[in-house]
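Keep in mind that this is a model prediction, so the values were computed, not measured.
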Amino acid sequence: ATEALTAGSTATDSFAVPVVDGAGLSGTATAVFAIQGSNDKPTLVAAAATAALVEASGANNATAGTASSSITLTKADVDGTPSYDASWLTSNGWSTSNAGSSYSKSGTYGTATLTVATGVVSYALDNSRAATEALKPTDSVSDSFIVRINDGSGTASATAQVAAVFSITGADDLPTILAGSAPVTLIEAGGVANATAGLASCSVTLTPSDEADATAAEFDLDWMSSNGWSAADDRGETYQKAGVYGSVLLDVTTGALTYRLDDTDADTEALKAGQSVSESFVMRVREVADTTDRKSTRLNSSHTVISYAV
């Protein structure tokens, strides 16, 4: 009853006290105490998350992890009816697209959504985000979202807040090759004895990467040497491979991949005006640290050759 008193409300508590005088006559006196109510702070409690989140792994996140979880919030107020503080939410990174039925907020690794009617904060892990992709199997991180309620009393104790915290464990992604700008279109030389120059070379920069760390992956030179690539110098810094219309040279120290069109090659000379062909070369990268199980990823780097009148 006391807790239920609201700010500004008044109540009394009365006590009958028996009295007796010296002549033995008795009576009753009433002691009345006036009580003024004050606002009690609302409460907001977060339950445990329904699932521990795990990053997807493997090549292109093909191995599913655990991408969703939820936390139920319970709000209460002994002397009022609190509601989610819409003004505070929208001023602190939350947004709504349905007139306040739900609110969403982007975190570091995913997005949280608060459903007002149920008090459930649901979380969707975004496996395509750079921050998520950068997680290693040994990483344990969290995404935290603060929610606030307001009892509408306008007093200093009118609000309460709680953090909905989602735990995330990293996983092992396969190494990748990040490519710079796309190769340009190559053009065969024309005219008599190829006297009319075309465009005979182009290059693209490749960066091996693992868990968004360029130092954690390297070109798999053992695999490449067994698949048509050969060392172009005695230092092992460049590797080359012949194609149908030309050849490529890979500088493993810089990642520069250069294609050179061979205008004297019979296949190149046989191209007709307007004909379009392409060359495809496969490279592989591996994890530097994992010497027992070097997971690999292939990259197809295509170069297009377009002929014109010879």
Side-chain angles (χ1 to χ4, degrees), residues 57-63 133 172-190 194 197-272 274-308 310:
S57 60
N60 299 315
N61 293 324
T63 303
E133 292 281 34
D172 191 15
D173 295 301
L174 289 186
T176 60
I177 302 178
L178 307 177
S181 58
V184 299
T185 298
L186 297 162
I187 303 173
E188 177 198 359
N194 293 325
L199 181 60
S201 69
C202 68
S203 64
V204 62
T205 299
L206 309 176
T207 305
S209 179
D210 187 34
E211 317 289 356
D213 182 357
T215 66
E218 63 186 0
F219 289 103
D220 190 343
L221 301 181
D222 294 334
W223 181 91
M224 292 173 64
S225 296
S226 300
N227 286 271
W229 293 81
S230 60
D233 62 64
D234 57 7
R235 300 181 302 277
E237 295 179 352
T238 55
Y239 282 75
Q240 61 189 359
K241 185 175 183 180
V244 177
Y245 308 97
S247 63
V248 285
L249 182 70
L250 172 66
D251 187 327
V252 298
T253 64
T254 64
L257 178 69
T258 302
Y259 181 88
R260 296 191 182 281
L261 177 65
D262 184 356
D263 287 307
T264 65
D265 184 271
D267 294 291
T268 308
E269 292 279 34
L271 294 173
K272 299 178 176 62
Q275 184 179 356
S276 177
V277 294
S278 66
E279 290 264 50
S280 182
F281 298 90
V282 179
M283 284 143 286
R284 197 161 86 162
V285 296
R286 63 189 180 188
E287 296 174 343
V288 173
D290 190 355
T291 57
T292 59
D293 182 21
R294 284 186 158 171
K295 304 174 180 65
S296 303
T297 300
R298 297 184 180 187
L299 169 77
N300 287 311
S301 180
S302 297
H303 303 261
T304 300
V305 182
I306 295 182
S307 65
Y308 66 102
V310 180

Original post:
With Glu237, which residues qualify under side chain to side chain donor-acceptor pair (under 3.5 Å), at least two apart?
Top reply: Arg235
**OP:** Specify the closest pair of heavy atoms between Ile177 and Leu206, including all atoms of both residues, with the distance to one decimal.
**Re:** CG2-CB, 3.7 Å
Subject >> Minimum side-chain heavy-atom gap Asp222-Arg286 below 4.5 Å >> reply: yes
Subject >> Side-chain donor/acceptor of Glu279 to backbone N/O of Val244, under 3.5 Å >> reply: yes
Original post:
Residues two or more places apart in sequence or in another chain: which of them pass side chain to side chain donor-acceptor pair (under 3.5 Å) with Thr238?
Top reply: Asp233
Subject >> Exercise: identify the closest heavy-atom pair between Ala270 and Gln275 >> reply: O-OE1, 4.2 Å
**OP:** Rounded to the nearest 0.5 Å, what's the gap from CD on Glu133 to OG on Ser57? Could you check?
**Re:** 10.0 Å
**OP:** Start with the C-alpha distance between Leu221 and Trp229, add both sets of side-chain angles, then the distance that settles side-chain contact (heavy atoms from CB on, under 4.5 Å), and finish with yes or no.
**Re:** CA-CA 8 Å; Leu221 301 181; Trp229 293 81; over 6 Å; no
Original post:
Side-chain contact, heavy-atom cut-off 4.5 Å: Tyr245 with Leu271?
Top reply: yes
**OP:** Dump the intermediate steps for side-chain contact (heavy atoms from CB on, under 4.5 Å) on Val282 and Asn227, then the final yes or no.
**Re:** CA-CA 9 Å; Val282 179; Asn227 286 271; over 6 Å; no
Original post:
Partners of Asp262 by side chain to side chain contact (heavy atoms under 4.5 Å, CB included), sequence neighbours excluded?
Top reply: Thr264, Asp265
Original post:
Tyr239 and Phe219: side-chain contact (heavy atoms from CB on, under 4.5 Å), yes or no, with the steps?
Top reply: CA-CA 11 Å; Tyr239 282 75; Phe219 289 103; over 6 Å; no
